[in-house]
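Reviewing the structure listed below.
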Amino acid sequence: MTIRLYNTLTRAKDVFTPIDPTNVRMYVCGPTVYDFAHIGNARPAIVFDVLFRLLRYSYGPDHVTYVRNITDIDDKINARAAERAAKDGRNVPILQVLREITEATYGVYREDVTALNCLQPTYMPRATEHVTQMIAMTQNLIVAGYAYAAEGHVLFRVKKKADYGKLARRSLDDMLAGARIDVAPYKEDPMDFVLWKPSTPDQPGWDSPWGYGRPGWHLECSAMIEATMGETIDIHGGGIDLVFPHHENEIAQSEGAHHGHPLANVWMHNGFLNVEGEKMSKSLGNFVTINELLKDWPGEVLRFNMLRTHYRQPMDWTVAGMSESWKTLEKWYGVTEPLANPKVGAAFLEALSDDLNTPAAIAELHKAGDDDLAGGLGLLGFSNVQLNLAAKKQVDEAAIATAIEARKAARARKDFKESDRIRDDLLAQGIVLKDGPAGTTWEIKR
RNA sequence: GGCCACGUGGCGGAGUGGUGACGCAGCGGACUGCAAAUCCGUGAACCCCGGUUCAAUUCCGGGCGUGGCCUCCA
């Protein structure tokens, strides 16, 4: 099956041809671990997990390397670390405080994505563990003339990179025209960006040839890709907001350090997500964390809801949509359980291979027979586990079974008043009865 | 201000130069003691104005609207 992927670099859907089919390499920008992940963060996690699964299906599970990094060097994290250090009054190194914070936040993130049925990436490198590589790359860039040191900073010399702006399709002139930034005096050019910057003694930092400091944000991805997968990889993914400057700068750094060899052949970007028609923001009070959501909704419902919209399309997250998703999954799980002879249907696979067209793939599942349905759900990362299994554990199953038996007896003697009373009684407890040809089953009311 | 997306039936959401996906809701029917669940059937759309074309929702231009980036951001 030919896989076609939309490439931000070419602005076209291109046929995907891996550099090495026995080792397909993909990197996705992961979370900055300063706070709980929100619903928007779930989108790339889920979308690229589906791509990971498709690639594993196509090239073999052992022939795909998926790297999703952990950004644990960041000014917001630094601020929290400083806050906590001051509050605790403990005399511990600031890097240790930072690690405690990011470890806790990342732990929650891992639980979140596991609940969303995302496979674990092959590697999950942390920025703090690759500072040596970042320093080495910076030195290479200086030697090659792509970077210069000034006042404790190291800056990337944007003018030296003739094709700078090729991903975002912007010229330096365009960017300068719209620039609203204060230009630091030590910059040769206003668009030059930071590779290394100084830290004060109380801030997280590392010793370097340019003094005690820390790397700029973009550098970590370049260094960690090099460390885990080499100079050129097949696919680099992330949110569309990362196109500029983050990914543009990654390209500049990596190509500068690697004699112009491309960083990634295909650049993929997922669209943004709104909540109930509004931009998600803390001030609007509609900031939804994954963790919070998982208290009310099974992770698979969240996952399915996300895949009902094509990944490049802007999407609106709504409670109504979640309910619809739950309903569909419940129906499907009813027919695919037990999962008998799953197989992946041709039409389904074709839709999925067409730039991850999950809405079209899901439409095929609506038309498919049970085996194709089960196989398609499996490939999309649905486990065919009863959705309200967890909820069921919290109710008295024996009592419900007894009530169902009593109702059955009442119905047998045509005492419908009594049988309806039992049904209403259970409903009041949140239990919905379903009479089928094979008898009565029940589920938790939504 | 510069760059870039998007605008499809009541709702969600694919796609296509001509035969109008798919799901939810609605409506009709089957099933049921009655419901629910399930099954069968069914109506309904392509932001506005021009242009190209035998033919445009689909291509081109303009407008309006929404959103993103240009500064931390999935």
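Lettering follows sequence order; numbering is per chain, from 1.
Residue side chain A:Phe272 meets the stacking definition with respect to B:A74: its ring centre sits within less than 5.5 angstrom of the base's six-membered ring centre, and the planes differ by less than 30 degrees.
Residue A:Asn274 places none of its side-chain N or O atoms closer than 4.0 Å to OP1 or OP2 of B:G67. Side-chain nitrogen and oxygen atoms of A:Lys331 include none within less than 4.0 Å of the OP1 or OP2 phosphate oxygen of B:G23. Within the structure, every side-chain polar atom (N or O) of A:Lys367 is placed at least 4.0 Å from both OP1 and OP2 of B:G23. Taking side-chain N and O atoms only, A:Thr32 has a distance below 4.0 Å to OP1 or OP2 of B:A74. Not one side-chain nitrogen or oxygen of A:Thr328 sits closer than 4.0 Å to the OP1 or OP2 atom of B:G23.
Side-chain proximity of A:Asn357 to B:A14, B:C22, B:G68: nearest is B:A14. Distance from the side chain of A:Ala363 is smallest for B:C22 among the nucleotides B:G23, B:C22, B:A74. For A:Gln313, whose side chain is taken as the heavy atoms from C-beta onward, the closest listed nucleotide among B:C69, B:G7, B:A25 is B:G7. When the nucleotides B:G2, B:C72, B:G23 are ranked by their closest atom to the side chain of A:Asp74, B:C72 comes out on top. In this structure, of B:G12, B:G23, B:A14, it is B:G23 that holds the atom nearest to the side chain of A:His366. Closest to the A:Asn270 side chain, of the nucleotides B:A74, B:C6, B:C3, is B:A74.
When side chains are defined from C-beta on, A:Asp163 counts as touching A:Glu255, because their heavy atoms get closer than 4.5 Å. Counting heavy atoms from C-beta on, the side chains of A:Trp206 and A:Thr128 come closer than 4.5 Å. Side-chain atoms of A:Pro44 and A:Cys29, non-hydrogen and from C-beta on, never get closer than 4.5 Å to each other.
With hydrogens and angles left out, the side-chain atoms of A:Glu226 and A:Ser254 include no donor and acceptor closer than 3.5 Å. Side-chain contact of A:Thr328 with A:Arg308: a donor-acceptor pair under 3.5 Å is absent, judged by distance alone. Side chains of A:Tyr106 and A:Asp72: a donor-acceptor N/O pair is absent below 3.5 angstrom, by distance only.
Rounded to whole Å, the separation between the P atoms of B:A25 and B:U19 comes to 29 Å. Across the P atoms, B:G10 and B:G18 are found 24 Å apart, a figure rounded to whole Å. Between B:C22 and B:C39, the distance separating the two P atoms is 16 Å to the nearest Å. When the P atom is used for both B:C60 and B:U53, the distance is 16 Å, rounded to whole Å. Rounded to the nearest Å, the gap between the C1' atom of B:A55 and that of B:G20 is 15 Å. Of the P atoms belonging to B:A45 and B:A35, the separation is 33 Å, rounded to the nearest Å. Nucleotides B:C47 and B:C34 are separated by 47 Å at their C1' atoms, to the nearest Å. For B:G29 and B:G65, the C1' atoms lie 43 Å apart once the distance is rounded to whole Å.
One interatomic measurement links the two molecules: CG of A:Leu426 to P of B:A37, which rounds to 17 Å at whole-angstrom precision. Taking atom CG of A:Leu373 as the reference point, atom C1' of B:G23 lies 13 Å away to the nearest angstrom. Atom NE2 in A:His236 sits about 12 Å away from atom C1' in B:A74, given to the nearest Å.
Listed by first and then second residue, the salt bridge (Lys or Arg N to Asp or Glu O under 4.0 Å) pairs that reach into residues 38-50 of chain A are A:Asp49-A:Arg53, A:Asp49-A:Arg303, sequence neighbours excluded.
Of the two residues contacting RNA chain B, namely A:Pro245 and A:Asp316, the nearest-nucleotide position lying further toward the 5' end is that of A:Asp316. Each of A:Glu364 and A:Leu273 was matched to the nucleotide of RNA chain B holding its nearest heavy atom; the match closer to the 5' end belongs to A:Glu364.
The aromatic rings of A:His218 and A:Phe193 sit perpendicular to each other, their planes meeting at more than 60°, with 30° as the lower class boundary. Using cut-offs of 30° and 60° for the angle between ring planes, the A:Tyr164 and A:Phe244 rings count as perpendicular.
RNA chain B is contacted by A:Gly40, A:Asn41, A:Pro44 of residues 39-50 of chain A, taking any non-hydrogen atom closer than 4.0 Å.
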Fill in the blank from the handout: The dot-bracket string of RNA chain B, counting Watson-Crick and G-U wobble pairs with both distances under 3.5 Å, using [ ] for crossing pairs and | for pairs to another strand, is (((((((..(((.....[...))).(((((.......)))))....(((((..]....))))))))))))....
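Taking only distance into account, the side chain of A:Arg423 never meets the base of B:A36 through a donor-acceptor pair shorter than 3.5 Å. Scanning atom types as modelled, one donor and one acceptor separated by under 3.5 angstrom connect the side chain of A:Asp420 and the base of B:G33.
For the side-chain contact (heavy atoms from CB on, under 4.5 Å) with A:Leu5, the lone residue among A:Leu51, A:Val15, A:Asp14 that qualifies is A:Leu51.
Here the straight-line distance linking atom OH of A:Tyr186 with atom CG of A:Asp192 works out to 11.0 Å at 0.5 Å rounding.
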